[in-house]
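Before any comments, here is the structure.
All values derive from a computational prediction rather than experimental measurement.
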Amino acid sequence: MPVPTLTPTAMPDPTVVPTPTATPDATPQPPQEISGKQIFESPTFKCADCHGADGVSGVFPDLAGQDFLENYDTLEGLSLKVIFMAEKYSEPSTLCDGNSEGDCAYAVATYILSEFNDIEIEPEQPSGSSYGDSACSITSASGVRRLTKNEIKHAIEDVFSVPSSELNSLPVERSIGGFESIGAAQDNGFNLSHPLLSSALTLADTIMQTGNINHSCTTDNIRSCAQTVFQPYARLLFRKSNSDVNLNVIGALADTIVNSQERFFPSSNPNPITISGDQCDTTAQCRNIFGSTANDCVNSQSDMSYCQCGSERCDAGMGEQSENLELVNHALKTSLAALLMSPEFLFVNIESSGEVDALNQFDIATRLATALWVSVPDVNLLNAAGRGDLSSRENIEAQIDRMMTSNKFERFKSTFFAQWLKYDLAQDVAIDAENMGINNWDQLSADMIRETELFITHLVDNDLPPNEILTANYSFMNQRLANHYGVLGPTSNTFERVDFTSQDKRQGILTQGSILANAANGIHASIVRRGEFILSALMCAPPPTPDSSLSEEIDDLLNQDLSEAEKMAVRDSRPVCAGCHSSFDPVGWAFSEFDASGRILLEDIEGHLNNGVIDPSGSLNGSSFNGALDMIQILESRNRSSICLSEKLLMYTLGRPVDYNTNAEDNCAIQEMVDQSMSEELGLKTLIKRALSHEVVRFQGDTVRELSSGE
Amino acid sequence: MKKITRRRFLRGSAAGISSALALPCLEVMFASEKAFAQATSRTNFLTFYVPNGTVEPQWFPSTGSGTNFSLVGTALEVFETSGLKNDISLFKGMTSAGRFGSGNGHMRAISGFLTGSGLANDAVTQHKISLDQKLANHYQQIDPTPVHSLQLCGNPELDPPNNSRYNNALKNSLCFNSRGDILPNKANLQNAFDRLFKGVDSGDNALSLEDATKLSVLDTVKDDINRVLAVASENDRVRLEQYFDGVREVELELQRSTTMDTSGMCAVPTQNFPATSDSTRNDRIGNHAKLAGKMLAAAFSCNATRVATYVAGGEAAGCRYSDIGINSHIHNSLSHNVNSSASARANYHRIDQYHSEMVASMMTDLKNTMGPTGENLLNSTCVLYGSGLGNGENHSLNNIALLVGGRFGSFRPGRFNQHSGVNHNRLLMALHEEFGLGSSGFGDNTDGNTINI
């Protein structure tokens with residue numbers, strides 16, 4: 001069977017960026033001569049074909065009702081969506097000739113809102129910006145979210161200098177769009193608090209045993225003393241100014257404990273430590289009570305054991321006070337556990353006032369620290385916030401520069417890029433190794449992940465152009481991986497840079513094994529999954545989930561014993577499938593020359609791909625390709641790398657869904673960032689800095705926008 | 001009438017699962033006749049869920065109906081060889097309630113299995129309450145157990161997130177609480193054991209130092225959350241309230257365990273559990289499931305909980321089945337090749353059989369364990385076993401595998417029921433009614449139009 005040429009007639013490529021002019025004009029005017037109804041119902045624009053003439057009877061999602069309005073309640077947002085959908089599904093038409101794309105979309109959006117939703121449209125001037133130099137208004141808030149498991153772990157490591165493996169028992173984080181920081185995805189209930197309680201108490205014990213918590217608390221002063229002792233730690237954990245840290249409940253807890261001795265140390269329980277009695281069994285016990293100066297439990301086997309601090313008994317000169325030391329210590333430990341479970345530590349953006357407003361200085365510091373260090377701010381950053389330094393972009397960028405020189409910045413690379421590109425999942429892919437003649441898949445998959453890690457580190461550290469993610473003519477391999485790929489170069493298991501030749505057929509991240517293996521179904525590479533991944537992750541244009549009404553049709557197709565090429569041809573022949581698949585089937589097909597393990601495929605043994613023929617050629621929206629390298633050039637020419645990077649970065653940082661294609665303010669902010677990077681030819685590291693110092697990162701709004709799975 | 005506490009009873013009996021078997025029911029052990037009567041009316045509910053679908057034509061018998069059917073050669077054969085055939089009824093030809101929602105097939109399958117409801121879309125973070133949770137809530141109102149309910153699993157792995165904008169947690173979402181939040185599945189049996197039997201061996205003294213400390217911390221954290229809630233915006237309150245509710249639930253469980261009155265006979269199992277974490281893949285779920293079954297039988301006999309679910313693995317992920325020598329592919333990979341690969345189909349069918357062996361083992365433990373009423377536990381338990389997907393190859397939501405076992409209400413075991421495209425929520429509605437939760441319907445169907453079970 002000949003290889004199908006997948007040229008969906010006039011199916012525009014969704015990876016084509018709606019140009020900045022696509023954003024509705026800053027002062028949108030109602031159309032004078034364009035009929036939204038006419039466009040909506042025209043056979044070339046196809047709106048009514050898919051949604052139904054009444055907006056709700058077609059196979060596409062309803063254009064009316066509460067769910068719809070929750071996502072598209074502004075003309076600007078809906079207009080953008082119309083433009084994107086038209087780019088994707090409509091055929092060329094003369095209906096809009098002579099008018100701007102924005103005006104046409106505005107007319108359609110007006111028609112949808114007024115006709116299907118009974119909303120009266122009154123043209124109005126956009127409110128414009130009141131936020132300094134930004135032209136973008138911001139209303140989508142970053143609602144309260146919990147620190148992620150890794151953020152909690154790193155914060156405790158950074159603040160208390162103790163290992164935090166105890167927190168591994170916290171639940172695996174959920175995600176939306178791949179990012180764990182999205183508040184809507186997080187589990188904050190019993191399954192968090194149950195393991196957290198045990199972990200917090202164990203960690204508090206560990207921290208107290210380090211002896212770093214110096215104190216002279218007694219049962220008489222425990223309330224105020226506990227507050228004083230924990231103040232500097234709470235300031236870091238809570239990300240506040242000293243004066244705003246409120247430890248009243250922590251002090252009250254410590255007080256309650258020492259005043260409820262009978263509850264905590266009833267007579268039947270182990271005796272409180274006494275001067276004359278059996279003080280200890282281990283040195284660790286002594287450290288728990290007397291701090292790190294305790295260096296021995298003398299006579300530990302006897303009933304006259306005592307703790308030694310240096311050359312003296314630890315309780316020397318303490319008189320009767322020493323009888324309560326264990327109780328005091330227990331009170332402090334318990335208070336510390338409560339501190340680690342405090343909502344002021346665990347949640348960010350809590351005190352949202354409900355108004356569109358600038359984040360306060362400390363919230364900005366938190367946003368920077370969680371993004372770049374996957375942790376809480378350090379003293380330097382909090383001091384800068386306290387001085388009000390974070391009100392200027394220049395100062396924020398200076399802080400970002402400082403933070404990027406820290407070892408803690410490594411966490412950003414392994415967190416953000418892994419959550420974005422999912423390259424670390426290669427180790428979980430179970431390929432049919434035996435049939436593929438691979439006997440070291442566990443090592444190889446680890447090598448593939450390392451390859452991508454080194455590649456990303458190289459791009460970031462050297463501030464290289466974002467499009468090198470796709471087009472870099474080199475990678476990093478050891479001998480084992482190079483042999484697997486069939487690439488010449490490395491002669492040991494030490495990773496080194498390898499520059500590709502044209503015979504290698506490799507370029508950028510899309511030909512790295514960690515990405516290629518990830519789209520395998522266990523036996524074969526999946527054309528659909530590879531195409532879908534590229535559209536979703538690198539073009540930021542995820543295809544919609546098929547409507548449930550298509551289930552039977554999909555069942556029919558998948559039940560047929562067809563090759564991948566034949567299935568593609570069937571999808572291409574059915575408009576209801578082709579509408580989406582024509583945008584990503586060719587993309588996946590171009591990579592069909594790589595097998596499920598990332599090797600160049602030499603033969604189609606089972607006829608799975610194309611009845612024995614390997615021919616990764618085709619066309620995408622009029623652009624012909626013959627294999628992965630051609631497709632990479634097509635994708636690169638779409639100029640989508642910076643846009644998609646910015647969108648993903650904002651999503652990761654803000655903890656809320658961000659959508660360049662359908663949300664006007666996100667579109668505006670991202671376009672502004674990208675315009676800057678394009679005009680100045682910024683590298684990856686600088687682009688990250690610009691994104692994190694952008695106005696949109698520094699403001700929060702009044703609308704917590706949850707993600708819809710609409711198209 | 002003198003009340004004998006379970007703790008006192010245990011002092012005179014040997015510990016271990018075996019000692020829980022065949023103990024006589026003594027009405028004298030109940031605080032009152034009312035308590036005895038109440039205990040007799042409680043139906044335990046155990047669900048075993050299989051992700052990624054089954055080889056459905058080989059799961060059910062190909063012929064027969066009513067009471068005339070044979071399980072030989074099917075995925076359910078073990079129920080016949082274990083003498084459990086007359087304790088189960090099969091429901092063939094039903095369509096998942098998830099079919100009538102929108103979104104990813106895996107997500108619709110698992111989220112619809114116990115909710116009887118289709119997802120609004122696959123990015124939602126909340127759905128509708130599941131039947132197990134509705135029943136557990138009901139029990140907490142009328143006759144609380146120390147542990148509200150358990151959500152267990154063999155393989156806890158959550159399908160890795162991708163860039164599609166769906167909520168990946170929906171792939172492990174069998175259970176939803178009354179707010180519609182997803183309840184994660186847990187594989188760490190030791191943690192579950194500690195929760196279930198915490199109160200059993202604590203003696204009659206006051207709180208332990210550890211529990212007293214935990215309760216103090218929780219009390220403080222609640223105060224702290226309330227303080228923050230007072231200044232939080234309306235939008236922010238939801239997530240903080242989730243945290244508050246979670247803290248409160250931990251507190252309640254601790255308190256219940258210290259005042260545990262099991263009103264029945266109970267022996268704490270003595271098994272060593274495998275060191276399974278709640279996050280990493282477990283490729284050996286067979287023994288895990290069987291140990292979980294023994295633990296749950298003991299828990300039901302202790303009234304430590306009455307509602308539990310066991311998920312073999314998350315949708316779209318899945319483990320290898322190393323116990324039976326299937327190491328080359330994970331469950332979901334095999335499911336996507338059952339049509340095109342004979343070996344994949346054979347292995348998948350073997351895994352279907354293996355799941356049945358796990359369920360049969362659980363049911364056998366229930367049958368061999370005496371419950372509070374003096375009868376074996378299977379006589380007061382509803383076991384629901386099946387998958388939300390039909391053929392996993394194409395994410396079909398039709399022709400799903402469904403089996404109901406045990407004895408409760410007017411349920412008639414020993415029957416092969418055949419339907420054609422009937423929404424499986426009508427089965428859930430029937431269970432809902434038999435559980436005493438009312439006849440006003442459940443899930444997406446509220447017309448009370450149940451099927452005969």
Greatest number of heavy atom pairs closer than 4.5 Å to chain B - which of Val249(A), Asn191(A), Leu196(A): Asn191(A)

Mind checking whether Phe345(A) and Leu339(A) have side chains closer than 4.5 Å, heavy atoms only? no

Toward chain B, the part of Glu180(A) with a non-hydrogen atom under 4.5 Å: neither

Under a 4.0 Å N-O cut-off, is there an ion pair linking Lys214(B) with Asp211(B)? no

If one checks every heavy atom of Glu253(B) against chain A at 4.5 Å, the contacting part turns out to be side chain

Part of Asn248(A) within contact of chain B (heavy atom distance under 4.5 Å): neither

Quick one: do Arg281(B) and Glu157(B) make a salt bridge, cutoff under 4.0 Å? yes

Largest heavy-atom contact set with chain A, pairs under 4.5 Å, which of Asn177(B), Ile182(B), Leu183(B), Asn191(B): Ile182(B)

Between Asp187(A) and chain B, which part of the residue has a heavy atom less than 4.5 Å away: side chain, backbone, both or neither? side chain

Interchain contact, Asp245(B) with chain A, by part (heavy-atom threshold 4.5 Å): neither

Report yes if some heavy atom in the side chain of Ile250(A) is under 4.5 Å from a heavy atom in the side chain of Leu253(A); otherwise report no. no

Would you please classify the geometry between the Phe176(B) ring and the His127(B) ring as parallel, tilted or perpendicular, with 30° and 60° separating the classes? perpendicular

Heavy-atom proximity to chain B below 4.5 Å, by part of Ile182(A): neither

Against chain B, work out which of Leu192(A), Leu346(A), Asn168(A), Leu197(A) has the most heavy-atom pairs shorter than 4.5 Å and name it. Leu197(A)

Test: Arg108(B) and Asp122(B) ion pair at under 4.0 Å: no

Between Glu251(B) and Arg248(B), does any side-chain N to carboxylate O distance fall below 4.0 Å? yes

